[in-house]
Amino acid sequence: MLQQTQVVTVIPFFQRFISRFPDITSLASAEEDEVLRLWEGLGYYRRARNLHSAAQQIVRNHNAQFPEDFSVARSLPGIGRYTAGAILSIACNHKLPILEANTVRVFSRLLAFRGVPSEKDGQQLLWSFAESVLPRKHVGDLNQALMELGSEICVPRVPNCATCPVHMLCAAHRQGAQALIPTKKQRPAIENVTEAAIVIQRGGRVLLRRHSDQERWAGLWDFPRFATSPGQTAVSHQELIDNALQLTGMKIEASQHLTTMQHSVTRFRITLQCHLARYVSGRKQGDHLCWRAPDELEQLPLNVTGRKIGRLLVNLNK
DNA sequence: CATGCGTGGAT
DNA sequence: TATCCAAGCAT
């Protein structure tokens, strides 16, 4: 959960998750939909599917015990060098380094490293440094302390060097270059896109579609949606009908505009136009489509806009 | 090796 | 409001 996600954000999700799945075995035997439902709102849903899959592998191949061997741990889905090092150093006191957002910043400043930390030279230097500072004992404590130093004191914009316990060892501090290090690499430009979602209604229920493994929000349910032609402000009935057929194999009658919402995801700013429609006939094969009454949507893992639309429908029925 | 993946907090 | 950023990983 903590991969690319701040601790304060994770805490309530972790508490709910660990209450429902207190051990590896309970997680392994859960339905994926329930795992994703508990992850809903946290983002990077591949993490949840990887964690679920890793739990199943651990039960099947490792007698339900998390593997203490670094290479074996790393071979689990979603466990990379950082996560394996963090788990094994903190939980088992193995002498393994970690490198993540906080310690990248701390180490880059200590060394006054002016390259790009994510590139090959930077990774080599920073991982080596992380390894070189490990103590003989309490490795996990040191790793956590370094992350804490980065998140509380050696912060991105204006680090609080006056309270830093190692400022006298810091080359960036000596050079007055804290604001320049680490160098940040340029982010991709935000792109505005327009999409449409279709609420297909049939006898008090609405149609949901599960995103495939190849799509964003893989595994989550959503109202059928599609990218509309760029620059277009309105969505034609014909476009709704054609895309509904494409996505669901269903013939529909487009009815009326429901609402328009904004949502940012990765490098896209999406304007999502939501439309109501009535089911007429037909349906694609497969388990990626389902009908639910609006008040039954609580059971399903939805993405943010899907959840907003779902709540809107419940309120309309009141 | 660059890119895609999500969302919400902080400034 | 806009931008940056976050206990990374897989492809």
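Only heavy atoms go into these numbers, but all of them, side chains included; no hydrogens, no water, no symmetry mates. Throughout, protein chains are lettered first and strands after them, A, B, ... in sequence-line order, and every chain is numbered starting at 1.
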Check: A:F17 ring centroid to A:W39 ring centroid under 6.0 Å
yes
Base, sugar-phosphate alone, or nothing: which one does A:R187 contact when heavy atoms must sit under 4.0 Å apart?
base
Out of C:dA6, B:dG6, B:dT3, minimum distance to the side chain of A:P156 belongs to C:dA6
Would you say the side chains of A:Q273 and A:T194 form a donor-acceptor pair under 3.5 Å?
no
Base, sugar-phosphate or nothing for A:R49? Non-hydrogen atoms, less than 4.0 Å.
nothing
A:T83 has its side chain closest, among C:dA7, C:dC9, B:dG6, to C:dC9
Nearest to the side chain of A:R47, heavy atoms from C-beta on, is which of C:dA6, B:dG6, C:dC9?
B:dG6
Determine the contact category for A:L76: base if any of its heavy atoms lies under 4.0 Å from a base atom, sugar-phosphate if only primed atoms, P, OP1 or OP2 are that close, otherwise nothing.
sugar-phosphate
Taking the cut-offs as 6.0 angstrom to the six-membered ring centre and 45 degrees off its axis, would you call A:R209 and A:W221 a cation-pi pair?
no
Measure from the side chain of A:Y44, starting at C-beta and using heavy atoms only, and say which of B:dC5, B:dT7, B:dG9 lies closest.
B:dC5
Is a salt bridge present between A:D213 and A:R49, judged by a nitrogen-to-oxygen distance below 4.0 Å?
yes
Give me the distance, rounded to whole Å, that separates B:dG6 from C:dC4 when you measure between the C1' atoms they each carry.
15 Å
For B:dG6, does the base pair up with any side-chain atom of A:T5 as donor and acceptor (N or O, under 3.5 Å, distance only)?
yes
Determine, for A:D222 against A:R210, whether the closest basic-nitrogen to carboxylate-oxygen distance falls under 4.0 angstrom.
no
For A:I79, report the nucleic acid contact type (base, sugar-phosphate, nothing); a contact means any heavy atom under 4.0 Å.
sugar-phosphate
How close or far is atom P of B:dT7 from atom CG of A:L2, stated in whole angstroms?
18 Å
If we ignore angles and hydrogens, is there a donor and acceptor under 3.5 Å between the side chains of A:Q238 and A:D242?
yes
In whole angstrom, what separates A:Q186's CD from C:dC5's P?
13 Å
Ignoring the backbone of A:K184, work out which of C:dC9, C:dC5, B:dC1 is nearest its side chain.
C:dC5
Out of C:dA6, B:dG9, B:dC5, whichever nucleotide has its closest atom nearest the side chain of A:Q4
C:dA6
Rounded distance in Å - CD1 (A:I190) to C1' (C:dT3):
9 Å
How about A:R47 and A:T5: does a side-chain donor come under 3.5 Å of a side-chain acceptor?
yes
Give the rounded distance in Å between these two atoms: CD of A:Q123 and P of B:dA2.
11 Å
Length of the CD-P vector between A:E195 and B:dG6, whole Å
14 Å
Looking only at side-chain atoms of A:K185, point me to the closest of C:dA7, B:dT3, B:dC1.
B:dT3
Please report the distance separating the C1' of C:dA10 from the corresponding atom of B:dG8, rounded so that it comes out in whole Å.
24 Å
A:V304 side chain, from C-beta outward: closest of B:dT7, B:dT3, C:dC4
B:dT7
Looking only at the side chain of A:T266 (C-beta and beyond, no hydrogens), which of the listed nucleotides B:dC5, B:dG9, C:dG8 gets closest?
B:dC5
Taking only the P atom of each, what is the distance from B:dT11 to C:dA7 in whole angstrom?
13 Å
Specify the separation, in whole Å, of atom CE of A:M147 and atom P of C:dG8.
9 Å
Checking B:dG4, C:dA7, C:dG8 against the side chain of A:R267 (C-beta onward), the nearest is B:dG4
Across the strands shown, which category fits A:A86 at heavy-atom distances under 4.0 angstrom: base, sugar-phosphate, nothing?
nothing
Round to a whole Å and report the spacing from CD1 of A:I90 to P of C:dA7.
13 Å
Examine B:dT7: is either OP1 or OP2 under 4.0 Å from a nitrogen or oxygen in the side chain of A:W217? Give yes or no.
yes
The residue, A:R157 or A:S118, whose nearest nucleotide of DNA chain B is more 5′ is A:S118
So, does A:H263 get its side chain near the phosphate of B:dT7, meaning an N or O under 4.0 Å from OP1 or OP2?
yes
Could you tell me the separation between the CE atom of A:M1 and the P atom of B:dG6, rounded to a whole number of Å?
15 Å
Report yes if a side-chain nitrogen or oxygen of A:R269 is closer than 4.0 Å to either non-bridging phosphate oxygen (OP1 or OP2) of C:dA2; otherwise report no.
no
Looking at every strand, decide which applies to A:P77 at a 4.0 Å heavy-atom threshold: base, sugar-phosphate, or nothing.
sugar-phosphate
Check the phosphate of B:dC5 against A:R46, side-chain N and O only, distance under 4.0 Å to OP1 or OP2. Yes or no?
no
